[in-house]
Amino acid sequence: MHPGGLSLDAFLSRRSADRRLARLTHDVPLPRARGLEFGPANNPTALPEGFRVAYVDHALDAQADLPNAVPVDYAWAGSGSLADALGHEALGQDGLDFAIAAQVAQYVPNLLGWFRGIHAVLRPGGVLNLSLPDRRFMFDAGRSDSTIAELVEADLLDYDRPSPRQIFAHTYQALAVEPGAVWAGENPRRAPRLCGEFALALAHKQAAESLASRRYQLCHCWVFTPRSFLDVVEAAARLGLFPFVLNRIAGTEPEGFEFYVSMRRDAETDPQALHGLQEVAVSHLREILTRQQRTARLLATA
């Protein structure tokens, strides 16, 4: 595992001024903790010296071509056991304290399996903090929200790489749109396709080639808004396919394009009691989003 690079004082100072860092490290115990970061590439989360972190991606050479990319310690694409991929030495006696995934979950072929794999390696009380793109404010604006049916299909088929449908949708439906333009009032659905006039043919070519070669092709497998994410989590929890209890959701801020979710491995193990906690948490966070939207509308008309 790699040590954090900041003194505790420097970390706390940076976190107090950096909302993104604060959200990605929400509820992570201080001053010492052990955990994982998924898909760090060349921008790993800044952590204090008392932390130990291992880096995980879908392959050991993922993003290795990026300048200053950190080394990937473990390869795991979300299919099968993360605990087996890490091994006993990395997990320790009690499990890990945290996992961080900044702009990663949308790339995971089997999102429900990925959540369950992470849950299994955390200790009770351990947290997973993630950020996700809000599709309304970036190139996924022309796509429909991912559904529970799509998540269940990926889970039942145990995807270990993006499916032809996921690759096709990512390439064909991507729009040439920037968050700033959307916030300025531009209708993103009027934007041209990101891949231009050849988007349809290119989407088919990439999907077919990936299927034939079994090559792992990065793409946005999932698209969400904060509210639609809560909807699929709620449905997956009812099916017993989502094990976490949500702690917090931070909606997309003006001029931005990502939202944040914090969730914990609860100490409760009884399925019915756990589901009760999950339902209460989702209901509470949905009310928070509703209040935030109401406040934003009032401010816009003031």
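Note that the numbering runs from 1 along the sequence shown for the chain.
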Asp18 and Arg20: salt bridge (Lys or Arg N to Asp or Glu O under 4.0 Å), yes or no, with the steps? CA-CA 5 Å; Asp18 185 340; Arg20 190 173 196 265; over 6 Å; no
Before you tell me yes or no, could you show the steps for Glu150 and Arg143 under salt bridge (Lys or Arg N to Asp or Glu O under 4.0 Å), namely the whole-Å CA-CA distance, both residues' side-chain angles and the distance that decides it to 0.1 Å? CA-CA 14 Å; Glu150 293 166 346; Arg143 297 176 65 177; over 6 Å; no
Given side chain to side chain contact (heavy atoms under 4.5 Å, CB included), test Gln173 with Phe139 step by step and report yes or no. CA-CA 8 Å; Gln173 295 181 285; Phe139 61 74; over 6 Å; no
Please test His204 against Tyr172 for side chain to side chain contact (heavy atoms under 4.5 Å, CB included), starting from the C-alpha separation and ending with a verdict. CA-CA 8 Å; His204 183 266; Tyr172 178 56; over 6 Å; no
When you look at Asp145 and Asp231, which way does the side chain to side chain contact (heavy atoms under 4.5 Å, CB included) test go after all the steps? CA-CA 10 Å; Asp145 294 329; Asp231 290 343; over 6 Å; no
Run the numbers on Asn110 and Asp160 for side chain to side chain contact (heavy atoms under 4.5 Å, CB included), then give the verdict. CA-CA 7 Å; Asn110 177 7; Asp160 59 3; over 6 Å; no
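Using a 4.5 Å heavy-atom cutoff, the side chains of Leu12 and Leu8 are in contact. In this structure the side chain of Ile118 reaches within 4.5 angstrom of the side chain of Trp76, judged on heavy atoms. With contacts defined as side-chain heavy-atom distances shorter than 4.5 Å, the pair Asp27/Arg264 does not qualify. Side-chain contact between Gln217 and Pro164 is absent, with no heavy atoms from C-beta onward closer than 4.5 Å. Side-chain contact between Leu239 and Leu112: absent, with no pair of heavy atoms (C-beta onward) separated by less than 4.5 Å.
Here Leu128 contributes atom CG and Phe115 contributes atom CZ; the two are 6.5 Å apart, rounded to the nearest 0.5 Å. A distance of 12.5 Å separates CH2 in Trp222 from CG in Leu132, rounded to the nearest 0.5 Å. Put simply, CE on Met1 and CZ on Phe51 are 12.0 Å apart, with the number rounded to the nearest 0.5 Å. For the atom pair CG of Leu36 and CG of Asp73, the computed distance is 9.5 Å after rounding to the nearest 0.5 Å. For the atom pair CG (Asp97) and CZ (Arg52), the distance works out to 12.5 Å, reported to the nearest 0.5 Å. For the atom pair CD1 of Ile167 and NE2 of His170, the computed distance is 9.5 Å after rounding to the nearest 0.5 Å.
For Arg238, the CZ atom sits in a loose shell: 12 or fewer heavy atoms of surrounding residues, nucleotides or ligands are nearer than 6.0 Å. Counted within 6.0 Å of CG on Asn187, heavy atoms from surrounding residues, nucleotides or ligands total more than 12; the atom is thus considered enclosed.
Hydrophobic clustering places Leu130 together with Leu246 (ILVMFWY residues linked when any side-chain heavy atoms are closer than 4.5 Å, directly or through intermediates). By the rule that hydrophobic residues join a cluster once side-chain heavy atoms approach within less than 4.5 Å of another member, Leu82 and Trp114 end up as members of one cluster. Hydrophobic clustering places Ile249 together with Leu151 (ILVMFWY residues linked when any side-chain heavy atoms are closer than 4.5 Å, directly or through intermediates). Linking Ile, Leu, Val, Met, Phe, Trp and Tyr residues whenever their side-chain heavy atoms come within less than 4.5 Å leaves Tyr216 and Leu211 in two separate clusters. Taking hydrophobic clusters as Ile, Leu, Val, Met, Phe, Trp and Tyr residues chained together by side-chain heavy-atom distances below 4.5 Å, Leu21 does not share a cluster with Val261.
Using a distance-only test at 3.5 Å, with no hydrogens or angles considered, a donor-acceptor pair links the side chain of Ser16 to the main chain of Ser13. Looking at Ser163, its side chain does come within 3.5 Å of a backbone N or O of Gln166 through a donor-acceptor pair. Looking only at distances, no side-chain donor or acceptor of His220 sits under 3.5 Å from a matching main-chain atom of Gln106. Looking only at distances, no side-chain donor or acceptor of Glu234 sits under 3.5 Å from a matching main-chain atom of Val282. At least one donor-acceptor pair closer than 3.5 Å links the side chain of Ser131 to the backbone N or O of Gln103. Proximity of a side-chain donor or acceptor of Arg193 to a complementary backbone N or O of Ala199 within less than 3.5 Å is not detected. Judged by distance alone, the side chain of Arg265 and the main-chain N or O of His119 form a donor-acceptor pair under 3.5 Å. At least one donor-acceptor pair closer than 3.5 Å links the side chain of Ser210 to the backbone N or O of Arg215. Side chain of Ser283 to backbone of Glu279: no donor-acceptor contact under 3.5 angstrom is found. Of the possible polar contacts, one joining the Gln278 side chain to the Phe244 backbone as a donor-acceptor pair under 3.5 Å is found.
Salt-bridge annotation for Glu186 and Arg190: absent, with no side-chain N of the basic residue lying under 4.0 Å from a carboxylate O of the acidic one.
A donor and an acceptor atom, one from each side chain of Gln206 and Thr171, are located under 3.5 Å apart. The closest side-chain donor-acceptor pair between Ser262 and Asn129 falls under 3.5 angstrom. Arg161 and Ser79 share no side-chain donor-acceptor pair at under 3.5 Å.
Put simply, the residue from Phe137, Phe259, Phe229 that forms a ring pair (Phe, Tyr, Trp, His ring centres under 6.0 Å) with Phe224 is Phe229.
For an aromatic pair to be called close, the ring centres must be under 6.0 Å apart, and Tyr107 with His58 fails this.
Sorted pairs that involve residues 7-36 and meet ring-ring contact (aromatic ring centres under 6.0 Å, His included), not counting sequence neighbours, are lacking altogether.
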